[in-house]
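Step one of this worksheet: look at the structure below.
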Amino acid sequence: MVAQLTALERTYAAIILVVVICVGVAMAVVGRGDLLAVHGWIVAAYGMAVMVVLLRGIDASEPWEERFREYYDDPTRVGIILSLIWGVIAMAVGVWVAALLAWPDLTFDAAWASFGRLRPVHTSGVIFGFGGNALIATSFHVLQRTTRARLPDQLSPWFVLLGYNLFCVMAATGYFMGMTQSKEYAEPEWYADLWLVVVWVVYFLIYIRTLARRREPHIYVANWYYMAFILVVAILHIVNNLAVPVSIGHAKSYALFSGVQDAMTQWWYGHNAVAFFLTAGFLGMLYYYLPKRAGRPIYSYRMSIISFWGITFMYMWAGSHHLHYTALPHWVQTLGMVFSLVLLVPSWASAGNALLTLNGAWHKVRDDAVLRFMMLAAIFYGIATFEGSFMAIRAVNSLSHYTDWTVGHVHAGALGWVAMITFGSLYALVPWMWKRPALYSAKLVEVHFWLALSGTVVYVFSMWNSGIIQGLMWRTYDQNGTLAYSFLDTLVAMHPYYIARTFGGLLFLAGAVVAFYNVWMTISRPAPIDEGAAADLPVEPPAPRAWAQAGE
Amino acid sequence: MFNFHYRLERNAMGLVLAIIVVASIGGLIEIAPLFTIDETVEDAPDMRVYTPLELAGRNIYIREGCYACHSQMIRTLRDEVERYGPYSLAVESKYDHPMLWGSKRTGPDIARLGGKYSNEWHVAHLYNPRDLVPESKMPAYRWLLRNSLEIDDLGEHLAAMRAVGVPYTDEMIENATADAYGQANPDSGQAAGVAERYGDATNVSLFDGKPETLTEMDAVVAYLQILGRLTDAARQAEQAKVE
């Protein structure tokens with residue numbers, strides 16, 4: 001991998017790593033006596049580990065000029081593996097926290113193993129570790145194919161991928177130690193947030209520089225979504241994480257906003273993390289890998305335009321439906337509800353567009369579990385967005401809010417939509433990336449498909465039951481006009497569903513382990529080179545001198 | 001419209017700007033006015049700030065992720081008001097950086113927990129919830145009683161809170177460490193200053209029952225006992241409605 005970098009890029013990489021290591025040591029020094037120091041050492045160790053890899057390949061000869069005739073896929077390959085590793089770990093933690101709610105003494109009197117600390121490890125691990133790495137890996141792949149241009153250089157994609165994973169490592173290790181801002185899905189502290197901004201700017205620059213070099217006049221739909229993902233996540237991340245640290249030597253910070261303004265900002269962020277991280281980015285995947293795998297063009301170009309701009313515009317209004325009947329002013333709640341309802345139109349336009357694309361390829365859906373993953377993802381996307389609009393209605397929300405129904409809804413989206421489209425896309429991508437004729441085992445993909453589907457169904461149904469029962473019990477009055485059930489009664493009623501949910505999660509985790517095994521065997525097994533891969537090349541540059549890269 | 005888009009999607013920077021503009025509108029219209037419209041947050045002249053010990057307890061509450069299972073936001077619904085008390089007002093979390101309204105009730109809402117149970121109950125419950133409530137799903141937080149509380153840097157914490165707009169005085173910041181100690185040790189010389197700076201109603205008590213040490217348990221219990229009691233505005237609002 002290092003051999004693919006030019007000598008100049010290797011030098012720059014070494015300089016960046018020295019800076020990272022120095023920053024880590026500086027954090028350890030100014031933060032001594034505080035948990036910040038632990039993160040300082042982790043940053044320094046991470047920098048040194050990457051440095052070791054770099055130094056071992058630093059003397060390799062200059063990469064062959066012919067590389068410009070190929071796409072640059074090394075970061076995508078590593079990103080795929082990182083995504084699967086994060087996925088297995090984070091889903092395992094998910095099963096653990098699910099079990100903690102059924103059997104709370106599994107904490108074993110260790111602070112790091114308590115529910116409150118493990119839960120963000122699960123949520124961030126799945127969203128940012130599994131989902132984020134899959135987005136970065138696939139976006140580099142899709143960007144190059146749809147622009148028919150190679151990435152602008154070989155260093156910045158590594159900076160983005162490895163820098164992003166450093167952020168994920170700081171997030172996960174921080175939660176175990178109790179370092180959190182308490183803002184859901186934005187828990188990492190100020191220094192990790194600042195680092196992510198740096199990484200994100202470079203990510204955006206890669207995108208815009210590659211688009212500038214494109215050899216296709218039009219920018220393909222998938223890239224609109226990836227760009228919306230990059231841009232809007234940047235806006236959300238910066239605004240929601242505004243905070244004042246206690247001092248430069250403290251990990252702890254205090255949020256700039258308080259109370260009602262902070263609540264609105266947080267759920268504007270929280271809901272649009274769903275919209276632009278977990279929806280826009282993965283729609284980018286859907287718009288490339290589903291038509292590609294089905295061998296059919298996207299059903300409607302106009303529907304893609306309507307759904308893209310509808311999602312980009314309307315989602316940003318919807319966050320306040322998380323705060324119905326709270327101290328948030330009524331007019332904001334109403335706006336959030338109305339936009340959440342209208343949002344169903346672009347959401348179903350996307351889901352419908354995906355399913356109609358499969359017209360004429362349904363026999364492939366039947367025979368090919370990889371394509372079936374993508375089809376199922378589109379169906380769950382439709383279900384989850386319908387449910388989301390429904391739950392945003394104030395009267396429905398009064399029942400569903402604060403209960404497991406919300407958790408069930410989130411998992412219908414996260415397991416059914418996000419994870420299914422990711423697994424489908426990665427299964428399609430792995431043979432292309434490692435130039436194999438096929439995956440190690442199509443049968444294991446089939447096994448994974450049914451594990452994933454049954455796990456999702458068990459999980460979502462148990463949470464629907466648990467949530468609706470609890471919501472109803474809270475508001476039930478007896479004939480004397482007093483509340484019929486104590487809070488504890490509802491807790492007892494939920495217990496069997498918590499066990500069922502843990503089992504559902506376990507099935508889904510088993511599927512992810514099967515996926516990891518299948519991908520690993522595909523990569524490690526020596527296989528004949530797929531002849532078809534020879535055609536997977538960028539447009540040949542017009543003149544040899546055009547091989548010079550942007551910025552050179 | 002589609003012709004316009006046909007041109008737009010050939011222009012990368014145009015697309016970037018369009019996405020930023022289109023995506024920014026919703027947030028601007030919904031969030032910015034919350035800072036300017038006066039009625040958003042009620043007036044509560046009796047509202048006090050968290051004492052250093054309560055703030056330390058709040059930070060432990062955040063550290064342990066308690067907000068993942070307990071909300072601090074009673075909605076304007078009849079059953080919630082009857083179960084938990086007067087619905088929450090915006091002003092009650094005015095000094096909450098960040099807010100801890102929560103999103104899930106695996107355990108009950110605790111916006112009005114302060115004063116509902118004794119300190120002894122809280123200590124025993126945090127030590128092992130199932131000793132008191134056999135069906136409880138809450139983790140046992142035994143380490144709170146083992147860990148001594150970090151109080152040396154509380155002045156810096158208060159200063160940071162002041163930087164984001166909480167009206168701590170210079171005196172409060174200077175005496176933060178002493179006040180934290182005093183609030184948990186009523187017989188000590190530092191106890192008097194707490195009531196002087198934060199009001200006579202401030203809870204000065206041996207929260208964890210042990211005079212010799214200042215533990216994280218002291219701070220957490222002090223925080224739990226102030227929940228819903230920084231101002232009386234919510235109860236007064238309910239009283240006014242009845243009359």
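Numbers restart at 1 for each chain; the letters A, B, ... are given by sequence-line order, proteins then strands. Computed from a prediction, not measured in an experiment: that's the story for all the values here.
Proximity to chain B (any heavy atom under 4.5 Å) is shown, for A/Tyr175, by neither the backbone nor the side chain. Proximity to chain A is absent for every atom of B/Arg7, based on heavy atoms less than 4.5 angstrom apart. Interface residue B/Ser88: only backbone heavy atoms are found under 4.5 Å from chain A. Of the two parts of B/Thr106, the backbone and the side chain both hold a non-hydrogen atom closer than 4.5 Å to a non-hydrogen atom of chain A. With a threshold of 4.5 angstrom between heavy atoms, B/Tyr127 does not approach chain A through any atom at all.
Contact annotation for residues 142-152 of chain B against chain A (heavy-atom separation below 4.5 Å, listed by residue number): B/Arg142, B/Trp143, B/Arg146.
Scanning for ring-ring contact (aromatic ring centres under 6.0 Å, His included) contacts around B/Tyr61 gives B/Tyr223, with sequence neighbours left out. Remark: A/Tyr226 engages no residue in a ring-ring contact (aromatic ring centres under 6.0 Å, His included) (not counting sequence neighbours).
Using a 30° and 60° split on the angle between ring planes, A/Trp267 and A/His322 fall in the parallel class, below 30°.
A donor-acceptor pair shorter than 3.5 Å cannot be found between the side chains of A/Arg214 and A/Thr146. Between the side chains of B/Asp96 and B/Tyr50, at least one donor N or O lies within less than 3.5 Å of an accepting N or O.
Residue B/Phe4 qualifies as open at atom CZ: its count of foreign heavy atoms under 6.0 Å is 12 or below.
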Show me the donor-acceptor pairs within less than 3.5 Å that the side chains of residues 14-37 of chain B make with the rest of the protein, sequence neighbours left out.
residue, atom, partner, partner atom, Å
B/Ser24, OG, B/Ile20, O, 2.6
B/Thr36, OG1, B/Pro33, O, 3.2

